[in-house]
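Worksheet: one structure, shown below.
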Amino acid sequence: MKEPSRQLLWERRSQTPLLLLAVAFAVAYAVPIVVPDARAEVHRACTHVEWVVWGAFAVDYLVRLALAANRKRFVRTHWLDLAAVVLPLVQPLRLLRLVATLMLVGRRARMAPQIQLTTYVAGAVVGLLMFGSLAVLSVERDAPDGNIRNLGDAVWWSFTTMTTVGYGDHSPTTGLGRVLAVGLMLSGIALLGVVTANIAAWFISRFERDDRADMLQLAAIRELQDEVRALRGEVARLGGTTAAATSAAVAAASTPAAADPPNAPAQREATSPTP
């Protein structure tokens with residue numbers, strides 16, 4: 001059996017630590033937004049945690065690049081990982097550290113074979129709702145004409161945006177907030193399509209499984225019918241042979257002694273001993 005490559009071993013071993021770091025990033029990102037009046041030390045600690053987690057993902061990418069057998073092909077096939085690592089270095093794009101973490105964790109989660117599609121979709125929905133709410137709240141809270149002022153408004157806006165309902169009671173007014181809205185709408189449509197396709201695939205597979213079961217049952221019935229026909233033919237053949245043998249025996253037993261020649265009694269008397 002072929003041994004896994006060093007890159008695959010690294011990915012397996014680093015998957016759990018990176019997921020834990022992603023949870024730490026989520027907490028560090030949420031605390032300053034949910035509790036804006038926290039002390040400055042708390043804000044600085046959360047910012048440091050964000051950068052440390054981002055640095056861990058950047059190191060992970062560099063290690064995988066170093067262990068890759070074909071580095072050019074690795075960069076070409078993992079360009080999203082590279083963009084997620086490089087773009088957050090630009091200070092105005094601080095929010096992309098959130099997107100970077102979601103992208104990298106999502107790719108790692110898809111690598112785990114035990115994670116089913118439904119679980120992944122549910123996790124993606126919850127993650128997008130949570131991070132979308134936090135992101136739009138951080139952007140719109142201090143906007144002069146903004147109407148998303150607290151976490152409840154942000155969560156309600158995320159729900160209505162992802163489901164493409166759009167009541168209009170809350171809406172972003174800044175450019176970055178509208179970019180987030182577009183991303184949530186596209187994500188909601190994509191996830192709805194994935195869920196619909198998954199349900200349709202489940203029904204199709206169920207119908208195909210039932211059809212295969214019916215076909216196997218029909219094949220078994222036909223095989224039994226063939227065996228019954230063969231047994232009937234064998235019984236008929238054996239019955240015919242036995243009947244022929246019985247008829248021959250009966251005919252032989254019922255044949256009279258006239259088959260002996262006419263002078264047979266005289267010959268028997270002549271040959272019989274004299275007393």
Side-chain angles (χ1 to χ4, degrees), residues 1-16 18-20 22 64 67-70 73-74 76-78 80-81 102-129 159 162-165 186-260:
M1 184 174 60
K2 184 179 180 181
E3 295 184 357
S5 62
R6 292 189 299 170
Q7 178 188 350
L8 184 58
L9 291 175
W10 168 265
E11 291 175 348
R12 290 177 179 175
R13 293 173 181 174
S14 62
Q15 178 176 337
T16 300
L18 288 178
L19 290 177
L20 295 177
R64 287 190 294 154
L67 296 177
N70 190 336
R73 183 176 180 275
F74 179 85
R76 187 169 59 253
T77 56
H78 294 77
L80 285 176
D81 294 5
L102 287 176
M103 289 169 57
L104 294 177
V105 172
R107 292 177 69 85
R108 281 308 177 89
R110 285 195 298 271
M111 291 170 55
Q114 71 273 15
I115 297 180
Q116 301 296 326
L117 179 61
T118 304
T119 304
Y120 178 76
V121 170
V125 169
V126 173
L128 286 172
L129 284 174
F159 268 105
M162 281 197 68
T163 56
T164 66
V165 174
L186 295 177
S187 301
I189 294 173
L191 289 174
L192 180 61
V194 170
V195 172
T196 304
N198 191 28
I199 294 175
W202 181 82
F203 276 109
I204 292 173
S205 63
R206 184 65 179 268
F207 292 151
E208 290 179 349
R209 187 165 59 249
D210 293 341
D211 291 341
R212 286 196 299 268
D214 293 340
M215 292 177 62
L216 291 175
Q217 187 176 12
L218 182 59
I221 293 174
R222 290 177 177 175
E223 184 178 355
L224 288 175
Q225 290 176 346
D226 294 338
E227 291 180 359
V228 169
R229 292 193 187 97
L231 288 174
R232 286 179 178 176
E234 185 68 18
V235 169
R237 185 180 65 81
L238 293 176
T241 304
T242 305
T246 304
S247 300
V250 171
S254 61
T255 301
D260 292 342

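It should be emphasised that the depicted structure is a prediction, and the values quoted were computed from it without experimental measurement. Side-chain atoms are counted along with the backbone in the values below, which use heavy atoms only and exclude waters and symmetry mates.
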- How many angstroms lie between atom CD1 of Ile221 and atom CG of Leu216, to the nearest 0.5 angstrom? 11.5 Å
- Query: In Å and rounded to the nearest 0.5 Å, what is the CD1 to OG1 distance from Ile189 to Thr163?
  - Reply: 10.5 Å
- Message: Could you measure the distance from the CG atom of Leu218 to the CD atom of Glu223? Nearest 0.5 Å is fine.
- Response: 12.0 Å
- Item | Closest contact, heavy atoms only, Met162 versus Leu128 | SD-CB, 4.0 Å
